[in-house]
2 protein chains.
Amino acid sequence: MMETLPISFTLAEFRKVTPLDESNIWSFLLDRNADRISVKRRGPALENLEKIFVATFRLANSVGFRAMTLRDLCQETGLSMGGLYGYIESKDQLAAMIEDAVRQTSEQMRTWFTHLKSPIDEVECLLRAFIFSSEILQPWLFFVYLESRTLAAEQRKVAKESELRFHSHIAALLEATGGFSEAQAFLLAAHCMACVQDWYVKRWKYHAEKISVDDFAESAVKLIRSYAEPQRR
Amino acid sequence: MMETLPISFTLAEFRKVTPLDESNIWSFLLDRNADRISVKRRGPALENLEKIFVATFRLANSVGFRAMTLRDLCQETGLSMGGLYGYIESKDQLAAMIEDAVRQTSEQMRTWFTHLKSPIDEVECLLRAFIFSSEILQPWLFFVYLESRTLAAEQRKVAKESELRFHSHIAALLEATGGFSEAQAFLLAAHCMACVQDWYVKRWKYHAEKISVDDFAESAVKLIRSYAEPQRR
DNA sequence: GTCTATAGCATGATAGAC
DNA sequence: GTCTATCATGCTATAGAC
């Protein structure tokens with residue numbers, strides 16, 4: 001699907017080809033955790049899953065996941081403690097489900113633009129895809145970014161490795177442009193990651209200034225491209 | 001003091017002129033909160049303060065501040081619950097003391113390089129000072145970055161304003177170089193902030209690759225300078 | 001100035017009614 | 001499939017001994 005996109009695609013163009021978005025993610029979640037969810041009727045299950053995760057994002061954001069209580073979660077969702085446990089196995093597994101969903105999308109993303117011939121074009125596409133995915137799934141990525149350190153050691157490790165794989169992929173592409181040593185490419189890739197992650201980490205800052213995600217992506221891509229291809233300026 | 005620094009100073013040079021570092025911060029903390037700390041003998045008080053805050057950073061990092069218990073804190077510091085309350089008024093005030101210390105240093109930083117004539121030189125100096133300060137006071141800045149959202153509304157607001165003031169200062173300087181519109185300068189300043197904050201947020205990534213803080217600062221500064229001054233490349 | 005002991009309440013999880 | 005009621009544990013904060 002990604003082959004149909006231009007190099008400098010917009011959010012609207014990206015939306016048409018991305019496999020996961022705000023509305024179909026609940027089905028994805030239900031199917032992936034079907035064995036642990038005891039509720040069988042699909043319609044109400046999807047509605048309650050949405051309530052549970054939206055409330056989790058809100059509560060974890062205001063007090064942190066480990067300090068959020070299941071009683072607060074019940075109050076926000078309208079479920080009882082017993083009802084809630086039909087959807088989750090434990091509080092820790094609730095976080096694990098989020099982390100798993102995010103890792104799935106980020107792992108897929110690395111393969112989306114491997115058909116491109118130019119390394120710097122692939123970098124641009126990956127940065128745009130990262131920014132637009134984080135626009136669509138902001139609460140999910142935000143949760144993992146801020147909470148993975150407080151989760152079980154195993155999940156923490158997996159989250160770090162996932163970030164590092166994406167980082168290394170960008171670094172390898174930058175090195176392939178021929179303009180950078182391995183160490184320079186690693187650092188420049190780190191700057192790329194920091195810039196694009198800022199879109200979902202500091203969302204309040206960009207919203208207050210009414211900056212659109214397309215303008216943000218344009219600015220980040222231009223900064224990196226002008227450094228990797230100085231002759232074009 | 002900052003007037004004696006060259007434009008592209010190193011960590012070693014910055015250390016000689018910075019007012020606050022790892023060892024004198026405990027005195028600063030004790031004096032600033034003297035009215036709330038009931039312990040009077042200065043020597044033991046400084047030792048216990050160091051134990052309390054170092055343990056707080058470690059525990060908050062592994063479970064989050066709101067989920068960290070004062071019992072864990074007592075076990076790590078060797079103090080009893082009663083003893084601990086000689087140094088803090090409440091758990092919330094412990095976080096407020098950290099937030100206050102960090103805000104002090106960040107507010108001072110904005111005035112350090114106003115004597116420079118060239119806006120882009122001032123940007124370089126501010127970015128280096130920010131990175132080197134965060135190297136020296138990493139656990140403090142890391143705590144505020146990750147925990148301010150979970151603190152009281154008042155503190156959350158103050159932390160955001162502090163970030164925004166620094167951001168706006170950089171943006172104004174970039175606009176003063178003459179190469180950017182207000183909106184472009186805002187976005188480029190945001191990229192600056194994200195890159196330099198990454199040094200203390202993703203420290204594990206840089207340490208694993210054995211990247212020195214001087215190399216990191218050089219890379220970040222070069223990226224921004226090459227964009228703001230394309231003719232020099 | 002630091003300790004032990006405890007008050008008063010909230011927590012994650014489960015059992016069993018319907 | 002969802003509820004209410006309850007368990008055992010752990011929490012912040014304080015009182016009072018030394």
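Worth saying up front: this structure is predicted, and the values here are computed from it rather than measured. By convention in this document, chain letters (A, B, ...) are assigned in the order of the sequence lines, proteins followed by strands, and residues within each chain are numbered from 1.
- Counting only N and O atoms by type, the side chains of N33(A) and Y87(A) include no donor and acceptor under 3.5 Å apart.
- Atom NZ in K91(B) sits about 17 Å away from atom C1' in dT14(D), given to the nearest Å.
- Of the charged side-chain nitrogens involved, at least one lies within less than 4.0 Å of a carboxylate oxygen, so that E147(B) and R149(A) count as a salt-bridged pair.
- With W140(A) as the fixed residue, the ring-ring contact (aromatic ring centres under 6.0 Å, His included) test singles out one of F57(A), Y200(A), F28(A): F57(A).
- Counting heavy atoms from C-beta on, the side chains of L126(A) and W112(A) never come closer than 4.5 Å.
- Residue D92(B) is classed as having no contact, given no heavy-atom separation below 4.0 Å to the nucleic acid.
- The residues E135(A) and R15(A) are annotated as not salt-bridged, no charged nitrogen and carboxylate oxygen being separated by less than 4.0 angstrom.
- Put simply, OH on Y85(B) is 16 Å from P on dT4(C), counting in whole angstrom units.
- With rounding to the nearest 0.5 Å, the separation of CD1 in I211(A) from OH in Y206(A) is 7.0 Å.
- You won't find any donor-acceptor pair under 3.5 Å spanning the side chain of R41(B) and the base of dG1(C), going by distance alone.
- If you find the closest nucleotide of DNA chain D to M81(A) and to T69(B), the one lying nearer the 5' end belongs to M81(A).
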Listed pairs, N/O of protein and of nucleotides 15-18 of chain D, under 3.5 Å:
none

